[in-house]
Student: 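Here it is, the structure, as structure tokens.
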Amino acid sequence: MKTSILIIYTGGTIGMVKDPEKGSLRPFDFDHILKQVPELNDFGFELTTKSFDPLIDSSNLNPEVWIKIAEMIKENYEQFDGFVVLHGTDTMSFSASALSFMLENLGKPVVFTGSQLPIGMLRTDGKENLITAVEIAADYKDGKALVPEVCVLFENKLFRGNRTTKHNAEYFNAFYSYNYPDLAKVGINIHYNETSIQKASGEMFAININLDTNIAILKMFPGINERTVDAIFNIDGLRAVVIETYGAGNAPTDAWFVSAIKKAIGRGIIVYNVTQCPSGSVDMGLYETSVELRDIGVVSGHDITTEAAITKLMFLLGQNLESDKIKFFLNKSIKGELCQ
Ligand code: ASP
């Protein structure tokens, strides 16, 4: 039987064309993509495409889109060997992170990709990304998918999705995984880093689409003032805040700052400490400037990305768990998103 791949096109630069009147890029009909890449037929796979309607620039994305992707994968899970999700680069790391939490017991590849230049342009990176993503989604050995994970393929690397960050708005290497090894390197051959790829559980695949968006990010900067901090912690209905701290998880030791966090934790708000540094880990207690955070109950995000922290919080808050249970799961890896 032919290998079958479902390509889900959500929007993004890869399928964009220039609006003749405005001169700006806008999403276009998905048929356009396959016309541009007839080489895909050479694989001999059965390729099916499903397009979002309307197509979205990923800067307009919201969690409804994640639910739609999860449901499309669920509805088609049995019929296909692998899935390619074409997505705008701007929020691809958020989406790949969210899906990693929402898809349970994944036994097939879900490969996100997109491009920096539209597929219809001469120097496009979209063709190569799409072709390689399809090849990876179809790669099986002894009946088992080589990468049964939600991952991101860009330029010549395959990353664990919930470890990625968009780090480049200009060059073709738009994504990077600072704290976790590449899952594969793409050259003449595709070299899989088998020891870094998650193994499928073999349990029944399911999706979990309950998300809670009552969260906020508070990024530290020298000069941050009490009114700003108070305003954030007092948002109506707020359930959790990611604090983006300096270095190894450090923040000001000013009494008003620590007290604002302490009061928020006292009101049941979860505070999750994530470093502003793209690489490295939070280590509360290493410096005096993080000892108090640890002691008042701030939860360590270790080496998690902000994208994974935000989506993990939405996911855990959506599960109707006790606060202690949520904190327990925040502190450990549930889908390979952090190392302790
Ligand atoms: N704004 C576009 C998007 O994220 C950029 C891209 O696709 O690269 O949808």
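In each ligand, atom 1 is the first atom listed, and ligand 1 is the first ligand listed.
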Student: If we check side chain to side chain contact (heavy atoms under 4.5 Å, CB included) with L158, which of these qualifies: T113, I136, L146, V186?
Tutor: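 With L158 as partner, side chain to side chain contact (heavy atoms under 4.5 Å, CB included) holds for just one option, I136.
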Student: Do any nitrogen or oxygen atoms of H87 come within less than 3.5 Å of a nitrogen or oxygen of ligand 1?
Tutor: no
Student: Pull out every atom of ligand 1 sitting under 4.0 Å from any heavy atom of G12, numbered as shown with elements.
Tutor: 7 (O), 9 (O)
Student: Could you check atom 9 (O) of ligand 1 against the protein and tell me its nearest heavy-atom contact, residue, atom and distance included?
Tutor: S58 N, 2.7 Å
Student: Given D57, T13, N60, which one has a non-hydrogen atom that is nearest to atom 3 (C) of ligand 1?
Tutor: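 Result: the heavy atom closest to atom 3 (C) of ligand 1 is in D57.
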Student: Do side-chain atoms of Y180 reach the backbone of S196 as a donor and acceptor pair under 3.5 angstrom?
Tutor: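 Checked: pair present.
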Student: Going by atom types alone, do S59 and D57 pair a side-chain donor with an acceptor below 3.5 Å?
Tutor: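 Side-chain D/A pair, S59 to D57: present.
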Student: Is it the side chain (CB and beyond), the backbone, both or neither of A174 that lies under 4.0 Å from ligand 1, heavy atoms counted?
Tutor: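 Within the 4.0 Å criterion, A174 makes no contact with ligand 1.
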Student: Look at the rings of H167 and Y176 and say which category their plane angle falls in: under 30° parallel, 30 to 60° tilted, over 60° perpendicular.
Tutor: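 Judged by the thresholds at 30° and 60°, the geometry between H167 and Y176 is parallel.
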Student: Between the side chain of T228 and the main-chain N/O of I224, is any donor-acceptor distance below 3.5 Å?
Tutor: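 Looks like no, no N/O pair under 3.5 Å.
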Student: Looking only at protein heavy atoms, which one is nearest to atom 8 (O) of ligand 1, and how far off is it?
Tutor: T89 OG1, 2.4 Å
Student: Going by the order shown, which atoms of ligand 1 are within less than 4.0 Å of some heavy atom of S115?
Tutor: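 Selected atoms, number and element: 8 (O).
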Student: Membership question, hydrophobic clusters at under 4.5 Å side-chain separation (ILVMFWY): are F112 and F80 in the same one?
Tutor: yes
